[in-house]
Amino acid sequence: MRGKFITFEGGEGTGKSTQARLLADRLEGLGIAVVLTREPGGSTGAEIIRHVLLSGGAKPLGAEVEAVLFSAARSDHLDHTIRPALDRGCWVVCDRFLDSTRVYQGALGKVDARILRGLERVTVGETMPDLTIILDLAPEIGLQRAAGRRAGAGADRFENEGLQFHERLRAAYQEVAALDPDRCVLVNADGAEDKIAEEVWTIVRGRLGAAQAELAAEEARA
Ligand code: TYD
């Protein structure tokens, strides 16, 4: 049986990586095979493109070219990591996916939605996430967290943008959640890590249909 595909989205410092890891650990604790991965990156080719993008090297080429590069990275990631894992029956938990392109390059970078849909058709195709958790947090808190985590290292391409950019980012993610409620759930990320992890767990159990029974059975056994 094909595994489930869960993605985490949100602005800088919202706790995506932590929550993705906590969910993966919890699933693994129930004996479910999990591949924990992230974008941009998650495969050899995509990691090379990640470096070009996050260093700001592609910024002068404009948001459209950045969208193409994020999509190229995604295509490699899907081919070499995500699809093979799902086909093996593993669950894939991914820190950022196509909604990041819709929000950063689309809503904020003003790349035409038709271009983005075209790129999605070619790269993602049928491999849409079964569930997307969008972590929602005031940008003042998120940027502070991201700065604390960096501890001396330089901000990356998008962390360097101003507060207004991050406020628009938050609004754009809220819109993504509102437009696709079957796939996306907005979670308030202002709180203790373990409390948010519990909320994520409740959503995962409640949302993933057929897998729900399997999860409940594993939990009863654990
Ligand atoms: P990363 O260091 O992984 O940070 P974060 O912890 O915020 O995920 O950096 C990824 C950056 O790339 C982040 O600022 C969002 C941006 N990004 C896009 O602009 N478009 C995309 O499609 C993806 C996947 C990421």
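Just the heavy atoms: all of them, side chains too, but no hydrogens, waters or symmetry mates, feed the values below. Order of listing sets the numbers, starting from 1, for every ligand and every atom in it. Because the structure is a prediction, the values reported are computed rather than measured.
For the pair Arg50 and ligand 1, a heavy-atom separation below 4.0 Å is found.
Here the shortest heavy-atom distance to atom 6 (O) of ligand 1, taken over Glu66, His77, Arg102, Arg149, belongs to Arg149. The closest heavy-atom contact to atom 25 (C) of ligand 1, among the options Phe97, Phe70, Tyr104, comes from Phe70.
Residue Gln105 touches ligand 1 through its side chain alone, judged by heavy-atom distances below 4.0 Å. Counting heavy atoms under 4.0 Å from ligand 1, residue Leu54 touches it through the side chain alone.
Arg38 and Ser17 are not linked by any side-chain donor-acceptor pair at a separation below 3.5 angstrom, with hydrogens and angles left out of the test.
Looking at ligand 1, you'll find an N or O of Arg74 within less than 3.5 Å of one of its N or O atoms. For ligand 1, the polar-atom distance check finds no N/O of Ser17 at less than 3.5 Å from any of the ligand's N/O atoms.
Side-chain contact between Ile141 and Arg145 is present, with at least one heavy-atom pair separated by less than 4.5 Å. Proximity of Leu135 to Ile196: side-chain heavy atoms (C-beta onward) are separated by under 4.5 Å at one or more points.
Note: Phe97 CZ to Ile6 CD1 = 13.5 Å, rounded to the nearest 0.5 Å.
Annotation for Gln105 and Ala63: closest pair CG-O, 3.8 Å, computed over non-hydrogen atoms.
Surrounding CD of Glu167 are more than 12 heavy atoms belonging to other residues, nucleotides or ligands, all under 6.0 Å away.
Near Thr101, with a cut-off below 4.0 Å to any heavy atom, the atoms of ligand 1 are 21 (C), 22 (O).
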